[in-house]
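Following: one structure in structure tokens, then a few remarks.
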Amino acid sequence: MEKLLAKVDRRIKKLGDELQQLYTEHPDATIGEITFQNLLSGMRGMKSLICNTSFVDPYRGLFISGLEVPDFEHKTPEEIFFLLVTGTLPSKSELEELSSELKKRSKVPEYVWKMLRSLPKTIHPMTMFSLGILAMEGESVFKKKYEEGLHKDEYWKYTLEDSLNLIAKLPSLAAGIYRILFMNGDIIDSDQQLDLAGNLTQRLGFNRHNQGFEELNRLYLVLHCDHEGGNVSAFTSRVVNSALSNIYYAASAGLNGLAGPLHGLANQECLHFITNIHDTLGNKPSVDEIRKYVMKTLDDGKVIPGYGHAVLRVTDPRFTAFMKFGDKHCPESPYLQTVKKLYEVVPDILKTYKGGKVSNPWPNVDAISGSLLYHYGMTHYEYYTVMFGISRVLGFCAQNTIARGLHQPIIRPKSVTNSWLKEHLESQTVAGH
Ligand SMILES: CC(C)(COP(=O)(O)OP(=O)(O)OC[C@H]1O[C@@H](n2cnc3c(N)ncnc32)[C@H](O)[C@@H]1OP(=O)(O)O)[C@@H](O)C(=O)NCCC(=O)NCCS
């Protein structure tokens with residue numbers, strides 16, 4: 001792990017020096033103002049966190065260290081983790097070192113399987129995923145070292161150590177959950193020759209050579225990896241990490257946020273939406289029929305899953321990457337066809353819906369991802385957010401390692417009461433007159 005450690009060390013020092021210099025030059029600078037509207041709208045747009053693993057441009061989408069989605073969509077999850085945490089893509093030898101470390105650490109402890117098997121079959125797979133990670137918390141090297149009295153300059157190293165231990169186990173853990181809930185419960189062994197995506201495919205029990213399914217899994221694990229620091233799951237994970245809770249606590253917490261329908265669970269919701277369309281209108285609905293269906297959904301007070309975004313203001317480039325995959329591998333899929341018809345009608349409807357109150361009428365990644373999994377026979381759509389989660393933990397781990405390296409303090413914004421607000425706003429009005 002020496003190569004990875006050395007690179008992360010250099011990156012942390014560089015980021016730390018930059019921040020220190022900026023702070024020395026601009027000690028009293030204002031980054032932005034907080035409006036009453038910010039408070040009412042879930043802190044939308046408030047710049048209040050530093051995150052260097054990735055950045056979301058409203059009009060160009062996800063950037064990882066200067067690379068846009070088309071630049072990295074064909075990489076592997078291993079390469080992407082290296083990129084997130086070090087800021088550069090790995091050389092051949094760096095990648096070999098990381099891959100071999102992950103292979104060595106991939107065994108999920110028996111007690112985790114025992115615990116997961118004891119749960120009711122009605123449980124949601126995301127609950128199992130989060131519990132499985134949480135159950136391994138006692139394995140944390142950071143926790144052990146901290147209890148022994150660790151210097152704070154070393155915190156990041158053991159957070160990275162824990163991260164590698166956790167990431168290595170994710171394909172096995174996630175695939176095991178699929179086998180327990182939806183198959184006969186037998187756990188398929190890992191193949192030490194395979195990478196993270198290959199192992200996931202094999203352990204799920206799918207044919208690895210089934211016309212691109214493994215390629216789809218690889219793309220899935222890459223595209224969902226990180227989306228800067230303020231989204232529900234990453235922010236939750238960062239908050240928990242900031243209390244010096246170990247990565248198992250922080251990842252499990254982040255995944256609980258990902259499990260919400262307005263966030264990661266939207267991919268499940270989207271597939272459900274599409275299967276409902278097919279159940280009602282048949283497998284080949286017309287564009288007009290879909291338009292009416294969408295209007296009715298909105299009139300019933302529901303959101304159109306997979307459309308809208310808190311930051312993006314264009315079609316999500318991750319949606320485009322999946323569309324390219326679908327056009328290449330399964331253009332005839334009825335699910336993909338319906339995704340395309342929705343893309344034809346939903347943006348125009350949302351642009352004018354209720355006076356145009358929807359900030360972003362364009363599709364996000366969830367509008368398409370599930371339809372491709374469904375095409376390949378993964379029809380248990382409750383499982384899709386787990387696939388998203390495997391990938392997103394890469395981002396949690398990278399963000400939390402760097403935050404520890406930069407000695408970022410415990411996150412603790414101030415909340416105010418209605419009466420504080422009233423007094424504050426009235427005093428401002430008086431001062432203004
Ligand atoms: C992603 C999402 C939560 C962003 O929320 P946001 O930043 O508050 O979005 P907006 O500023 O556009 O919200 C303004 C209004 O438009 C509505 N709106 C936003 N997206 C909508 C959609 N896809 N369908 C219908 N209404 C939508 C909001 O519910 C809100 O209505 P309200 O004022 O009655 O509460 C929201 O777009 C959404 O719920 N989308 C569907 C779920 C989804 O795809 N989530 C995955 C995100 S990656």
Side-chain angles (χ1 to χ4, degrees), residues 35-48 54-62 69 126 220 223-236 254-274 276-277 290-323 338-339 341-371 381 384-389 391-392 395:
T35 63
F36 192 11
Q37 176 63 20
N38 289 140
L39 257 63
L40 296 177
S41 62
M43 303 193 275
R44 197 75 77 262
M46 264 170 57
K47 296 179 183 65
S48 46
S54 67
F55 173 77
V56 180
D57 181 297
Y59 300 98
R60 291 174 69 181
L62 175 63
V69 172
M126 276 301 277
Y220 216 96
L223 291 180
H224 294 90
C225 64
D226 204 37
H227 224 222
E228 61 179 45
N231 64 77
V232 167
S233 57
F235 186 57
T236 304
L255 289 171
N256 296 342
L258 195 72
L262 295 187
H263 190 21
L265 206 81
N267 61 7
Q268 158 180 338
E269 300 282 302
C270 282
L271 214 286
H272 192 209
F273 188 63
I274 291 174
N276 276 345
I277 291 179
I290 289 195
R291 187 175 289 113
K292 284 188 194 122
Y293 192 95
V294 167
M295 286 309 299
K296 175 155 180 4
T297 305
L298 290 169
D299 291 343
D300 287 347
K302 299 176 191 159
V303 296
I304 307 301
Y307 281 77
H309 199 270
V311 178
L312 288 172
R313 294 296 174 260
V314 288
T315 295
D316 188 338
R318 299 170 301 171
F319 173 92
T320 310
F322 273 133
M323 186 63 89
T338 299
V339 167
K341 285 174 193 161
L342 283 164
Y343 189 29
E344 221 177 305
V345 303
V346 174
D348 280 343
I349 294 174
L350 290 184
K351 274 180 207 166
T352 52
Y353 179 66
K354 289 206 172 157
K357 73 171 179 175
V358 179
S359 312
N360 178 42
W362 303 103
N364 59 60
V365 66
D366 297 319
I368 184 165
S369 56
S371 65
Y381 43 79
Y384 295 173
T385 313
V386 174
M387 301 275 293
F388 187 151
S391 178
R392 189 47 69 92

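We use all heavy atoms of the structure for the numbers below, so side chains are in, but hydrogens, waters and symmetry mates are not. Counting convention: from 1, in listed order, for ligands and their atoms alike.
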Worksheet item: Looking at CG of Asp366 and CD of Gln268, how far apart are the two atoms once the value is rounded to the nearest 0.5 Å?
Response: 11.0 Å
What side-chain donor-acceptor pairs closer than 3.5 Å can you find for residues 349-357, not counting sequence neighbours?
from	atom 1	to	atom 2	distance (Å)
Lys351	NZ	Asp348	OD1	3.3
Thr352	OG1	Ile349	O	3.4
Tyr353	OH	Leu298	O	3.1

Item to complete: Take the angle between the ring planes of Tyr293 and Phe273 and call it parallel below 30°, perpendicular above 60°, tilted in between.
Response: perpendicular
Worksheet entry | Side-chain (Asn267) to main-chain (Ser369) donor-acceptor, under 3.5 angstrom | no
Item to complete: Could you label the plane-to-plane angle of the Phe322 and Tyr220 rings as parallel, tilted or perpendicular, counting under 30° as parallel and over 60° as perpendicular?
Response: tilted
Worksheet item: Are any of the side-chain heavy atoms of Glu344 and Arg291 separated by less than 4.5 Å?
Response: no
Any protein N or O within less than 3.5 Å of an N or O in ligand 1? List each pair with its distance, or say none.
from	atom 1	to	atom 2	distance (Å)
ligand 1	7 (O)	Arg44	NE	3.0
ligand 1	7 (O)	Arg44	NH2	3.2
ligand 1	8 (O)	Arg44	NH2	3.0
ligand 1	11 (O)	Ser359	OG	2.6
ligand 1	12 (O)	Ser359	N	2.7
ligand 1	12 (O)	Ser359	OG	3.2
ligand 1	23 (N)	Ile304	O	2.9
ligand 1	23 (N)	Tyr307	O	2.7
ligand 1	24 (N)	Ile304	N	2.9
ligand 1	31 (O)	Lys357	NZ	3.4
ligand 1	34 (O)	Lys357	NZ	2.6
ligand 1	40 (N)	Tyr307	O	2.9
ligand 1	44 (O)	Gly306	N	2.8
ligand 1	44 (O)	Asn364	ND2	3.0
ligand 1	45 (N)	Leu262	O	3.0

